[in-house]
Trainee: 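This is the structure I want to talk about, given as structure tokens.
Each chain gets a letter, A, B and so on, in the order its sequence line appears, and its residues count up from 1.
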Amino acid sequence: MNDLKIRIIEKLNGAYPSIKEALGVSSFENPKNPDHGDISLPCFKFSSLLKKSPNFIAEEFRTVFFNDSSFESVSNINGYLNFKYDKRTYISFVLEKYASGSFFNKMKETGRGKTVVIDYSHPNVAKNMGIHNLRSTIIGQSIYNIYNFLGYRTVGVNHLGDWGTQFGKLMWALEQWSSFGEVEEKGILFLNEMYVRFHTEAEVHPEYEEHARVWFKKLEDGDETALKWWKLFIKVSMDAYNGIYIRLNVKFDHITGESFYIPFLEDTVKKLENKNLTEISEGALVVKFEDTDNMPPCLLKKSDGATLYATRDIAAAMYRLTEFDPYRILYVTDVAQELHFAQVFKVMEMFDPGSKGKFCHIKFGRLSFPNVQMSTRKGNIVPLSEVLDRARDKVIGIIEERNADIADKFTTADKIGIGAVIFNDLSVSRIKNIEFDWDKTLSFDGETGPHIQYSYVRLLNILEKAGLISGKYDTALLEDEFSYELIRCIDRFESKVLQACDENEPSVISNYLIELSKCFNRFYQNNRVVGENADILNSRAFLISTLRTVYGRCMELLGIPQIEKM
RNA sequence: GCACCAUUAGCUCAGUUGGAUAGAGCAACGGAUUUCUAAUCCGUAGGUCAGUGGUUCGAGCCCACUAUGGUGUACCA
């Protein structure tokens, strides 16, 4: 209710012109204790301006609002001037606001005309997708959804790790031990197997590494057999990844791996050289930084002339700047790559000062396993598909235990399992390290994905049983504690979504969803809808249908599947 | 060695730009069910916000130092 804040500001400015500078919309805060009021104006900062105690000031301010019908009450508690809205005015304000489609259109104005490029998921080709790929994929997709909802033009990029010596290793291994047909038939798990076997045997036969280098060189030189292998790796990998992406409802606008930028590399290096940013150091071509930047040099070319990870990312950054003319480019990766991106962004800033501030590393904490050192080389990763399968199977067990009558048990169980896995990941701040724990990932009680989905099912049930509702409501029937609390909670939607976008932090939405769910379940426990008289039924059902809009939208933003029965 | 990040209840975490009595979930204990779906709700118990000092009318939040953990630190990605 910003308009009410503005009215308060205008009234106070009229009475006390000297505080004009210090008083703005941001001067207000939301009381933690709802008994205190709906909005609050702490008067401490006016103390020095008016040379009076905060308590005295609040008392004086209070008299300005005598007989103001917008507020049920205006009170002073220890220097806080607390305003309580007139409940009925507020109820209709919130319901009208969120029930109308124009509100969502208005939110879309936030990002109008701005493009955001989001680089996420980026698995390494020929490696099975593991639980460690989940965070980037889930967080990236959610951030994509949030920007998209706010009207930004969003470009989701899957920057596949599809180039490097590891492919030389695989090619040589497969030439020795396998065939095209076998790879095609057995898929990505077989590639993993071969990769592990290569590393195991290479420990005894170091010369294998040399073979691998030769094969990678063949690939770089465009050798036909090498290319054929490489294309097969990509096909087999994408088939496996797409299965997971479809399951998780993850989508990309561009799938351009590292190999896509290979033709640009020479030109990229030349552009940097032309701006005199490069120098030779210890035989390598590098970009050095100021001492104040406190970073080691960024390597563009090794002493043998080969390009590096950073070179490819710089080429990609240049490409994205010209291709998409973005407002922001977000890189969703592990926190361990912090220095790498700091270097790449700094080089870009030196190359094109206009790009400053456009690049943003959306870093998240590390996923660790108790007592296990995770490594693809050793083959001990936890496959993502196994996590999703185990979650689904556990749900099926619960469904059968409860004898629930669900038409499509398998599909529903999969959606609930996915909801659990996604929510488990998105419910804490990105930066937190996560220790993988089967019990926790597959826990369905309390603040979990299934809880969120369950509340949604309850909500849909009410609407279904309520039948056709009139759309008319009586604010007087929604003044009770539980309805009102729910309405206040619904009203936080706008600021929560904006905050989530501002901080690139999906957990803001997941925590909000828990608040919504709690408010709703309390409402549910205390207020019946179906079976009440027409006036109450229509009013409460209208409230619930408003909740559905907001609640469902939050689930979509996180990528939590919606189900109708569970 | 240096740099960055983290530290809040037994465990996992929230905590808006510094503001009122620091909040949830799990685990523990007690209660509610012929129900619009109990994957729910209500209650009890659980805190030196890692430590010390500083800034401020006011610090979990800002600053400095210390401790513990994590990550990075030029030819891997």
Trainee: Phosphate oxygens OP1/OP2 of rU71(B): is one of them under 4.0 Å from a side-chain N or O of Lys363(A)?
Mentor: no

Trainee: Are OP1 or OP2 of rU40(B) and a side-chain N or O of Lys518(A) less than 4.0 angstrom apart?
Mentor: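 Answer is no, no contact under 4.0 Å.
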
Trainee: I want to check one thing: is the phosphate of rA77(B), taken as OP1 and OP2, less than 4.0 Å away from some side-chain N or O of Tyr309(A)?
Mentor: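 Negative; the distance criterion is not met.
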
Trainee: Choose from rA14(B), rA74(B), rA39(B) the nucleotide whose nearest atom is closest to any side-chain atom of Ile416(A).
Mentor: rA39(B)

Trainee: Given that Lys565(A) and Pro296(A) both sit by RNA chain B, which one's nearest nucleotide is further toward the 5' end?
Mentor: Lys565(A)

Trainee: So, is Arg402(A) near the phosphate of rU37(B), with a side-chain N or O under 4.0 Å from OP1 or OP2?
Mentor: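 False: Arg402(A) side-chain N/O out of range (4.0 Å or more) of rU37(B) OP1/OP2.
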
Trainee: Any side-chain N or O of Lys302(A) less than 4.0 Å from the OP1 or OP2 oxygen of rC76(B)?
Mentor: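 It does, given that an N or O in the side chain of Lys302(A) lies less than 4.0 Å from OP1 or OP2 of rC76(B).
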
Trainee: Could you measure between the two C1' atoms, the one in rA14(B) and the one in rA22(B), and give it in whole Å?
Mentor: 11 Å

Trainee: Looking at rU16(B), which nucleotide sits across from it as a Watson-Crick or G-U wobble partner, both distances under 3.5 angstrom, or is there none?
Mentor: none

Trainee: Provide the distance between the two C1' atoms, one in rG30(B) and one in rG46(B), to the nearest whole Å.
Mentor: 16 Å

Trainee: Of all the nucleotides listed (rU17(B), rC36(B), rA77(B)), which has the minimum atom distance to the side chain of Glu29(A)?
Mentor: rU17(B)

Trainee: Is atom CG of Asn78(A) surrounded by more than 12 heavy atoms (other residues, nucleotides or ligands) closer than 6.0 Å?
Mentor: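 No, CG of Asn78(A) has 12 or fewer neighbouring heavy atoms, counting only those of other groups under 6.0 Å.
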
Trainee: May I ask whether His451(A) stacks on the base of rA39(B), given the cut-offs of 5.5 Å between ring centres and 30° between planes?
Mentor: no

Trainee: Given rC42(B), rU37(B), rA20(B), identify the nucleotide with an atom nearest to the side chain of Asn82(A).
Mentor: rA20(B)

Trainee: Record whether the side chain of Ser40(A) comes under 3.5 Å of the base of rA20(B) through a donor-acceptor pair of N or O atoms.
Mentor: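 Side chain to base: pair present.
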
Trainee: Which whole number of Å gives the distance between the P atom of rC61(B) and that of rA50(B)?
Mentor: 8 Å

Trainee: Under a 3.5 Å cut-off for both distances, is rG1(B) Watson-Crick or wobble paired, and to whom?
Mentor: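 Its partner is rU73(B) (Watson-Crick or G-U wobble, both distances under 3.5 Å).
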
Trainee: Given that both distances must come in under 3.5 Å, which nucleotide forms a Watson-Crick or G-U wobble pair with rG43(B)?
Mentor: rC29(B)

Trainee: Looking at Phe444(A), is Lys394(A) sitting on its ring face, NZ or CZ under 6.0 Å from the six-membered ring centre and within 45 degrees of the normal?
Mentor: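 Yes, Lys394(A) lies over the aromatic ring of Phe444(A).
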
Trainee: Considering only the C1' atoms, how many Å lie between rC13(B) and rA9(B), rounded to the nearest integer?
Mentor: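 One C1' to the other, the span is 11 Å.
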
Trainee: How far, in whole Å, is rG60(B) from rG1(B) if one measures between their C1' atoms?
Mentor: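 Their C1' atoms lie roughly 32 Å apart.
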
Trainee: Between Thr165(A) and Arg522(A), which residue's closest nucleotide on RNA chain B lies nearer the 5′ terminus?
Mentor: Arg522(A)

Trainee: Using a heavy-atom cut-off of under 4.0 Å over every strand shown, decide if Asn55(A) touches base, sugar-phosphate, or nothing.
Mentor: nothing

Trainee: Is it the case that Asn433(A) and Ser368(A) place a side-chain donor and acceptor less than 3.5 Å from each other?
Mentor: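 The criterion, which ignores hydrogens and geometry beyond distance, is not satisfied for Ser368(A) and Asn433(A).
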
Trainee: Taking atom types as they are modelled, is there a donor-acceptor pair under 3.5 Å from the base of rC57(B) to the side chain of Ser47(A)?
Mentor: no

Trainee: Count the heavy atoms belonging to other residues, nucleotides or ligands that lie under 6.0 Å from CG of Asp291(A), then report whether that count exceeds 12.
Mentor: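 Not buried by this count: 12 neighbours or fewer within 6.0 Å.
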
Trainee: Out of rA74(B), rU16(B), rU37(B), which has the shortest distance to the side chain of Val286(A)?
Mentor: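 When the side chain of Val286(A) is considered, rA74(B) is the closest of rA74(B), rU16(B), rU37(B).
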
Trainee: Partner lookup for rA59(B), please. Criteria are Watson-Crick or G-U wobble with both distances under 3.5 angstrom; report none if nothing qualifies.
Mentor: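 Partner of rA59(B): none found under 3.5 Å.
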
Trainee: Val428(A) side chain: which of rC36(B), rA39(B), rA14(B) is closest?
Mentor: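 Among rC36(B), rA39(B), rA14(B), the one nearest the side chain of Val428(A) is rA14(B).
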
Trainee: Of the nucleotides rC36(B), rG72(B), rU37(B), which one has an atom closest to the side chain of Ala336(A)?
Mentor: rG72(B)

Trainee: Is any side-chain N or O of Ser281(A) under 3.5 Å from a base N or O of rA74(B), one able to act as donor and the other as acceptor?
Mentor: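 Indeed, a donor on one side and an acceptor on the other fall under 3.5 Å apart.
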
Trainee: If we ignore angles and hydrogens, is there a donor and acceptor under 3.5 Å between the side chains of Gln499(A) and Tyr512(A)?
Mentor: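 Judged by distance alone, the side chains do not pair up.
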
Trainee: Compare side-chain N and O positions of Arg458(A) against OP1 and OP2 of rU40(B) and report whether any pair is under 4.0 Å apart.
Mentor: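 So the side-chain polar atoms of Arg458(A) never come under 4.0 Å of the phosphate oxygens OP1 or OP2 of rU40(B).
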
Trainee: Please state the C1' separation for the pair rC29(B) and rA45(B) - nearest whole angstrom.
Mentor: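 Result for the C1' pair: 8 Å, nearest Å.
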
Trainee: So which nucleotide does rA50(B) pair with, by the Watson-Crick or G-U wobble rule with both distances under 3.5 Å?
Mentor: rU66(B)

Trainee: Among the candidates rA39(B), rC76(B), rA20(B), find the nucleotide nearest to the side-chain atoms of Phe444(A).
Mentor: rA39(B)

Trainee: When the C1' atoms of rC76(B) and rU17(B) are compared, how many Å lie between them, rounded to an integer?
Mentor: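 Result for the C1' pair: 42 Å, nearest Å.
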
Trainee: Compare the minimum distances between each of rA14(B), rU40(B), rA3(B) and the side chain of Asn294(A), then state the nucleotide with the smallest one.
Mentor: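 Between rA14(B), rU40(B), rA3(B), the one nearest the side chain of Asn294(A) would be rA3(B).
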
Trainee: Considering only side-chain heavy atoms of Asn521(A), which listed nucleotide, rA20(B), rC41(B), rA24(B), is closest?
Mentor: rC41(B)

Trainee: Go through rG25(B), rU71(B), rC4(B) for me and flag the one nearest to the Glu338(A) side chain.
Mentor: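 Given the options rG25(B), rU71(B), rC4(B), the side chain of Glu338(A) is closest to rC4(B).
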
Trainee: Give me the distance, rounded to whole Å, that separates rU7(B) from rC11(B) when you measure between the P atoms they each carry.
Mentor: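 About 14 Å, rounded to a whole number of Å.
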
Trainee: Respond yes when some side-chain nitrogen or oxygen of Lys432(A) is under 4.0 Å from OP1 or OP2 of rU7(B), and no when none is.
Mentor: yes

Trainee: Can you tell me if the side-chain N/O atoms of Asn461(A) get under 4.0 Å from OP1 or OP2 in rU37(B)?
Mentor: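 Yes, within the criterion.
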
